[in-house]
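The basis for the numbers below is simple: all heavy atoms, side chains too, and nothing from hydrogens, waters or symmetry mates.
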Number of protein chains: 2
Amino acid sequence: MTRQRGFAEDEALLKIMRLFWAKGYEATSVADLCEVTGLGRGSLYAAFGSKQEVYERSLRHYVDVVNRHLRDQLSRQVPVRQAVRDLLLERVDDSLTERDRPGCLLVGAIVERAAHDPMAARIAQDAINATRSAFASALHSARAAGQIPYESDVESIAAFLTRMVQGLRVMSISLPDRKLLASVVDAALEALPA
Amino acid sequence: MTRQRGFAEDEALLKIMRLFWAKGYEATSVADLCEVTGLGRGSLYAAFGSKQEVYERSLRHYVDVVNRHLRDQLSRQVPVRQAVRDLLLERVDDSLTERDRPGCLLVGAIVERAAHDPMAARIAQDAINATRSAFASALHSARAAGQIPYESDVESIAAFLTRMVQGLRVMSISLPDRKLLASVVDAALEALPA
DNA sequence: ATCTTGGTGGACCGATCGGTCAACAAAGCC
DNA sequence: GGCTTTGTTGACCGATCGGTCCACCAAGAT
């Protein structure tokens, strides 16, 4: 019937997401998006719409992947304290490994885009609430299983851990010291009553 | 001898800093800087140099003020735990009050500028280390005074508190709930051994 | 009053921005 | 072979970007 696409949309979106992640929204031009995907402007706009729309889609993809991974890690059959510790340490390692993509697309979206792009603000807020509720439900289960005290304020701790997991990447930009970051993780774990 | 300045450099810099803080680096144009200060381009460039230079100067001013305030708060003659608590809660209040200037110029500098502007990266890193050493020295004193256990890992806790104080503003954008944020502060304080 | 010095405003510059569009290319249908 | 439909490309658009420059102006020195 008609000509078919000469590229995989998923792969292109992944490359775009990584570029936004590395450079931020404003500093990434549409020409950059064309270069990284190998697409002409027409194809890019036909597939993804405006720069703002493709950014929002990148952000959605990012938070989906991150939160899915989070839920997977928290649903493992290990004590919640260890699961959280592993999860935070893994993020430290990721940040130190991917030096070309520092920071966090989500944090970038909040500080750079939320004020200008209500949809991005909405995506970010939903992502944070999803992270929070993932922690909260893991903590509820752990409390029911007697891993943490009955009096523990699950919602507060969940919000606290959300802040930790969000901010670790940002911190590791200016403080790329694995030992110190690991000890920060352990300090944070003190908030998780035994 | 010659004509004198028709504006106060300090006030202009303050207005510029607040604008960068509110909008980020890339989204703020030189025309915006002229508008907010009331200056023509000539005066602006004569007084502050390029956009990048005035940004760096804004950032320097920001971190100076923040760190000076931090040291003042920590040097009060109150138990360190309470000093830290007051300090974190004050930041929560600030974030919720100044809704027009969400986020944190320092975090913005790290995620948006550090990769493109080595000087901004340097300023940010120095600021973080200054915050960290302010906490560390306060904790050292507190440990010497017996307020916290002798075995406490002061450096790690200092790094952890630095992360907290940095990130609270960012979190409060997407989670503008004073009660929850206050309970996050209390959860964080668990990392400060009694 | 005139000269010198330096602050001021805004016209102006080339470059680049995000976005559009028309000419062309591929693939299934007749 | 045409015909239709859709993907692709890159020239092109007006707007805006950061930065320069110059005519003008205020104020102290003479």
- Query: Any side-chain donor paired with an acceptor under 3.5 Å for S183(B) and D186(B)?
  - Reply: no
- Item | Nucleotide dT9(D), atom C1' - distance to CZ of R5(A) in whole Å | 15 Å
- Side chains of H69(A) and E90(A), donor plus acceptor under 3.5 Å: yes
- Message: Ignoring hydrogens and geometry beyond distance, is a side-chain donor-acceptor pair present between D32(B) and S29(B) at under 3.5 Å?
- Response: yes
- Could you tell me the separation between the CZ atom of F7(B) and the C1' atom of dA26(D), rounded to a whole number of Å? 15 Å
- Worked check of side-chain contact (heavy atoms from CB on, under 4.5 Å) between C104(B) and Y62(B): CA-CA 9 Å; C104(B) 165; Y62(B) 178 88; 3.3 Å; yes
- Message: If I take atom CZ in residue F48(B) and atom P in nucleotide dG7(C), what distance separates them, rounded to the nearest angstrom?
- Response: 13 Å
- Query: Mapping Q4(A) and G6(B) to their closest nucleotides on DNA chain C, which lands nearer the 5' end?
  - Reply: G6(B)
- Message: Generate the contact string for nucleotides 11-22 of chain C. Rules: B means base contact, S means sugar-phosphate contact only, - means no protein heavy atom under 4.0 Å.
- Response: B-----SBBBB-
- Item | Euclidean distance, atom CZ of residue R3(B) to atom C1' of dG7(C) [Å, nearest integer] | 5 Å
- Query: Do the side chains of L189(B) and L192(B) get nearer than 4.5 Å, heavy atoms only?
  - Reply: yes
- Query: Could K23(B) and E112(A) be called an ion pair, given the rule that one side-chain N must be under 4.0 Å from one carboxylate O?
  - Reply: no
